[in-house]
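One structure coming up, written as structure tokens, with questions to follow.
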Amino acid sequence: MDKASSDCPYPGCFFCVMKEGNPSKRRASILKFFGDLPTQDDDGQGLKNRRWLSHDQNIYIPYYAAHIIGSYTMNMEEFAESSVHAGVIPPLVELLRGRLTWVEQRVAVRALGHLATYASTFPAVASHGEILELSIQLGLSSLEIVYSHFYQYVDRRLSYHCDLLTRGMGGVEMESRKAEEWASQLQCWSLQLINCFAFKPEFLPTICKSEFLTKLPGMWGGLVNENSPAGIGLLRTICHQKLGRGPVASCPGIIEALCNCSVVDDWQHMAIDCLLWLLQDPSTCHNVIDKAAPALVDLAEITTLGDHKKLGDSIVDVLQECIQSQGTGRNSFSNRTKEMIEELLNSRKRLKWEKNMPKEDLHIKQAAALVVKLEGNSLFSSGNISGAASKYSEALALCPMRSRKERVVLYSNRAQCYLLLQQPLAAISDATSALCLHNPLNRHAKSLWRRAQAYDMLGFAKESLLDAILFINECSQSNDPDLSLRQNKGDAGDIYGQESDDSEWETASESDIGNDGRDAMENDDDDNEEEVDSEWKNEGDRKDKYDKSSVKDLKNECNVQLVEDEP
């Protein structure tokens, strides 16, 4: 073992032990260190004595003990079983209650979350009924706890966030950075523990309280700890079970929040799952359909999202079932919703119809769409924004459904028109359609910027911020000279606010003509052509219910890292 440094006033302390480079020796030293600690000596000293714990470095002992338990039991069931047999749960519960400080609560909830992950040790955790209630309270109050006890300036949190967004130009303090990170960790580990309980129907009544559910979409714990399901992941676990769908559907504002999260990169597939399960349940469909349908229609162009294959087909199938169930009197929704769904179904019929068209006719349609699109660009340049929007709509009606690159540009251009016409909802819809058609998914820079502006018009600061961050990332990594050059000039606001996408359309179209139109007629993914070919031939084979995924698979997905697609 490395000897303690000469300036260490406590030779043999925990920090000296942790300096050992050999893992085997370090493990033996840690065991000896904690084995030698008194739990209660003749003078009342030890781990049960708060004053002794506050003396010198003793205050670190409960923290590091809980930290080590959490680290060793993560993904190691045998260590979790050994920990439970050793009786670690009662002292961890003591820390969770706030026996010391929120710092120890942070590592205690992490350790209990890992212990609750395994079927063999979950009953021991669940036997302490207060753990779930304490975790819910921590999830709700973690940010306030950390800011009031650590940063100590709750009223300065907004200015801190402004400084953080400018990358420190305003002088971000190290303490406030650490406060935000630790608060997020406290929240995400609380959500991870609650998520383990949410798989058991008997605990759902405790979890599905309105105060807690309505705040779940805003819990961002997963942004710091990527293994956390965050609030949306927990909602997904709840919505997977019939007992949980009723409370979710009846919570004010939660469906709107799910619709907004359904376009956020990290949470997209989880939010879509929630909406589809709610629509498939006859008892909740009528509460959800009018808000969920517009969002899902915009997402119907998605082909593959993570492990979800043919996700757009699943969306169409569920919405079609909603239309059919309305005819039986089971559900009722607005005429506008019905029109949107029927328009989506007609677009799928159009795709089938176009597959039987001669290639020459498709080329004619594509050329006609290009002509109309250029007319729209001309109107846009002359200031006739509404006329340009109409031309882009006309071009979309002409453009072949499988000409995905051209449709991306048309939707994005029309979104810009809607922004200038002060129609943010229409702009969000078109920008989302463009992002779903684009390859890679959700990586069309101009559409990200336009949707960020539209969200800002509506006051959706969180969604606008996330799109703006993705836009900056795309510009910084893009090989497109149009993006990088103008970004360097510092006039991105003018470029992405006022100018149409002539070069993008023309580049796509010229390459299509050079390849005899083959590129335009193909989807972006290599295997998508086969998917489209089989889409209508095997329609009966596509009717597998969306909710057949097992609880085990769902549980595994909640622990998968949520990472952005590579640009």
Side-chain angles (χ1 to χ4, degrees), residues 102 106 109 135-148 151 154-162 164-165 176 179-195 198 207-239 244-245 247-275 278 288 291-292 295 428 451-452 454-470 558 562 564:
W102 67 267
R106 172 172 159 263
V109 73
S135 301
I136 291 173
Q137 289 305 313
L138 282 177
L140 288 169
S141 59
S142 56
L143 297 178
E144 289 74 17
I145 290 173
V146 174
Y147 269 88
S148 61
Y151 188 48
V154 179
D155 57 337
R156 287 172 57 186
R157 186 178 178 214
L158 183 60
S159 63
Y160 155 67
H161 279 179
C162 293
L164 184 64
L165 293 179
S176 58
E180 190 75 6
E181 179 180 344
W182 283 2
S184 183
Q185 289 177 356
L186 180 59
Q187 186 179 79
C188 79
W189 285 329
S190 299
L191 291 172
Q192 187 80 15
L193 178 53
I194 299 167
N195 198 61
I207 298 172
C208 293
K209 303 288 179 61
S210 178
E211 178 191 7
F212 183 59
L213 289 180
T214 52
K215 293 184 178 180
L216 273 180
M219 294 188 182
W220 285 22
L223 293 185
V224 169
N225 186 325
E226 293 178 340
N227 287 326
S228 167
I232 295 299
L234 179 53
L235 275 172
R236 180 174 182 257
T237 302
I238 293 170
C239 288
R245 288 193 284 268
V248 170
S250 61
C251 277
I254 199 168
I255 304 304
E256 181 179 357
L258 282 172
C259 292
N260 291 336
C261 288
S262 68
V263 298
V264 177
D265 201 35
D266 282 352
W267 304 323
Q268 189 169 35
H269 80 277
M270 294 187 287
I272 292 173
D273 284 349
C274 291
L275 293 174
L278 289 167
V288 177
K291 291 182 179 179
I428 290 171
R451 196 171 67 179
Y455 277 133
D456 185 58
M457 285 183 181
L458 294 172
F460 294 158
K462 178 180 71 174
E463 291 78 9
S464 179
L465 170 62
L466 292 175
D467 275 352
I469 291 172
L470 285 176
C558 288
L562 306 175
E564 295 179 357

Partner of Leu216 under side-chain contact (heavy atoms from CB on, under 4.5 Å), picked from Ile254, Leu191, Ile194, is Leu191

Review point. Would a 4.5 Å heavy-atom cut-off, applied to side chains only, mark Met219 and Leu234 as touching?
Key: no

Counting only N and O atoms by type, is there a donor-acceptor contact under 3.5 Å from the side chain of Ser262 to the main-chain atoms of Cys259?
yes

Taking every heavy atom of Ala452 against every heavy atom of Ala468, the minimum-distance pair comes out as CB-N, 3.9 Å

In Val288, Ile272, Ile232, the residue satisfying side-chain contact (heavy atoms from CB on, under 4.5 Å) with Leu258 is Ile232

Sequence neighbours excluded, the answer for side-chain contact (heavy atoms from CB on, under 4.5 Å) partners of Lys209 is none

Taken to the nearest 0.5 Å, the spacing of Asp456 CG from Leu465 CG works out to 10.5 Å

CD (Gln137) and OG (Ser190) are apart, to the nearest 0.5 Å, by 10.5 Å

Practice task
Side-chain contact test, heavy atoms from C-beta onward, threshold under 4.5 Å: evaluate it for Leu213 versus Pro247 and give yes or no.
Solution key: yes

Practice task
Measure the shortest side-chain to side-chain distance between Cys239 and Asp273 over non-hydrogen atoms and say whether it is less than 4.5 angstrom.
Solution key: no

Only residue of Ile207, Leu193, Asn195 satisfying side-chain contact (heavy atoms from CB on, under 4.5 Å) with Ser135 is Leu193

CZ (Arg245) and CG (Leu278) are apart, to the nearest 0.5 Å, by 7.0 Å

Would you say Ser464's side chain and Phe460's backbone share a donor-acceptor pair under 3.5 angstrom?
-> no

Quick one, Asn260 and Tyr455 - any side-chain contact, counting heavy atoms below 4.5 Å? yes

Rounded to the nearest 0.5 Å, the CD atom of Glu256 sits from the SG atom of Cys261 at a distance of 10.5 Å

Distance col, row Leu140:CG vs Gln187:CD, nearest 0.5 angstrom, shows 8.5 Å

(Q) Do Val263 and Ile428 have side chains that approach each other closer than 4.5 Å (heavy atoms only, starting at C-beta)? (A) no

Heavy atoms of Met270 and Gly233 approach each other most closely as SD-CA, 3.5 Å

